[in-house]
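Contents: one structure, followed by commentary.
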Amino acid sequence: MLDMNNVEHISDLAEEGCLNRVDLKISDLTKSDIVPGFSDTMTASNFGKISDLATRSDIACGIINMVFETIGMVSRFAAQNFGIRDIVLTGNLSGVKQAAPLFDTLNRMFDLNFMIPENSRFGTVIGAALAGCEK
């Protein structure tokens, strides 16, 4: 969509973007609460408002939002099945600037505890090293 392949560059581009120019929000559909406790700023449809007027920055913002919301919702449903409230995020995407604020919003909305630990980008290698130390 952007002809870019570096997530840090996409994240930088997204900082100038406006999500309201690409995503359809609940507040765009109704003024009343659909589900008590859900924010009217929740996404109703990713890219549901995109038009020719959307900038590359707006599209980058929409892509990042869609990826993180998908990770958040899939994690929420998986955790709910097992009664888990603490979800640890690791890997390169956890270090993207937009990750912490978005997951903080999901924490409040769903009463979960998405955590992004220090050095989260290196979670896999740290786990492998610790497993190797046990042997």
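These numbers were taken from a predicted model, which means no experiment stands behind them.
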Worked verdict on L112 versus L106 for side chain to side chain contact (heavy atoms under 4.5 Å, CB included): CA-CA 7 Å; L112 290 172; L106 293 177; over 6 Å; no

Could you tell me whether the side chain of T105 and the main chain of P101 form a donor-acceptor pair under 3.5 Å? yes

Is there a side chain to side chain contact (heavy atoms under 4.5 Å, CB included) between M109 and M42 once you walk through the steps? CA-CA 9 Å; M109 203 174 310; M42 270 188 78; 2.9 Å; yes

Residue set satisfying salt bridge (Lys or Arg N to Asp or Glu O under 4.0 Å) with E16, at least two apart, ordered chain then number -> none

Is there a donor-acceptor pair under 3.5 Å between the side chain of T90 and the backbone N or O of R121? no

Evaluate L24 against T43 for side chain to side chain contact (heavy atoms under 4.5 Å, CB included), listing each step before the verdict. CA-CA 6 Å; L24 188 67; T43 305; over 6 Å; no

Who pairs with R56 by side chain to side chain donor-acceptor pair (under 3.5 Å), at least two apart in sequence or on another chain? none

Are N107 and N113 close enough that a side-chain donor and a side-chain acceptor fall under 3.5 Å? no

Sorted by chain and residue number, the ring-ring contact (aromatic ring centres under 6.0 Å, His included) partners of F103 (sequence neighbours excluded) come out as F68, F114

Would you please test I63 and L2 for side chain to side chain contact (heavy atoms under 4.5 Å, CB included) and show each step? CA-CA 10 Å; I63 290 169; L2 295 170; 3.8 Å; yes

Under 3.5 Å, sequence neighbours excluded: what are the donor-acceptor pairs made by side chains of residues 70-82?
residue: T70; atom: OG1; partner: M66; partner atom: O; Å: 2.7
residue: S75; atom: OG; partner: I71; partner atom: O; Å: 2.7

Linking directly or through intermediates, with side-chain heavy atoms under 4.5 Å: list the remaining ILVMFWY members grouped with M115, chain and number order. V88

Kindly work out whether a path of hydrophobic side-chain contacts (I/L/V/M/F/W/Y, heavy atoms less than 4.5 Å apart) joins I84 to L89. no

Sorted by chain and number, sequence neighbours left out, side chain to side chain donor-acceptor pair (under 3.5 Å) with S94 holds for S120

Restricting to salt bridge (Lys or Arg N to Asp or Glu O under 4.0 Å), what partner residues turn up for D58, sequence neighbours left out? R21

Tell me the ring-ring contact (aromatic ring centres under 6.0 Å, His included) pairs involving residues 7-30, sequence neighbours left out? none

Counterpart residues, salt bridge (Lys or Arg N to Asp or Glu O under 4.0 Å), relative to K49 (two or more places apart): D28

Run through V22, V67, D23 and flag the one making a side chain to side chain contact (heavy atoms under 4.5 Å, CB included) with N46. D23

Step through the shown structure and confirm whether more than 12 heavy atoms of other residues, nucleotides or ligands are within 6.0 Å of CZ on F110. yes

Donor-acceptor under 3.5 Å (S51 side chain, L53 main chain): yes

Answer yes or no: is there a donor N or O on one side and an acceptor on the other, between the side chain of N6 and the main chain of E8, under 3.5 Å? yes

Partners meeting side chain to side chain donor-acceptor pair (under 3.5 Å) with S11 (sequence neighbours left out): Q98

With sequence neighbours excluded, give me every salt bridge (charged side-chain N to carboxylate O under 4.0 Å, His left out) pair touching residues 86-101. D12-K97, E15-K97

CG-CD1 distance between L19 and I64, expressed to the nearest 0.5 angstrom: 10.5 Å

Apply side chain to side chain donor-acceptor pair (under 3.5 Å) to D111 and list each qualifying residue two or more places apart in sequence or on a separate chain. R85

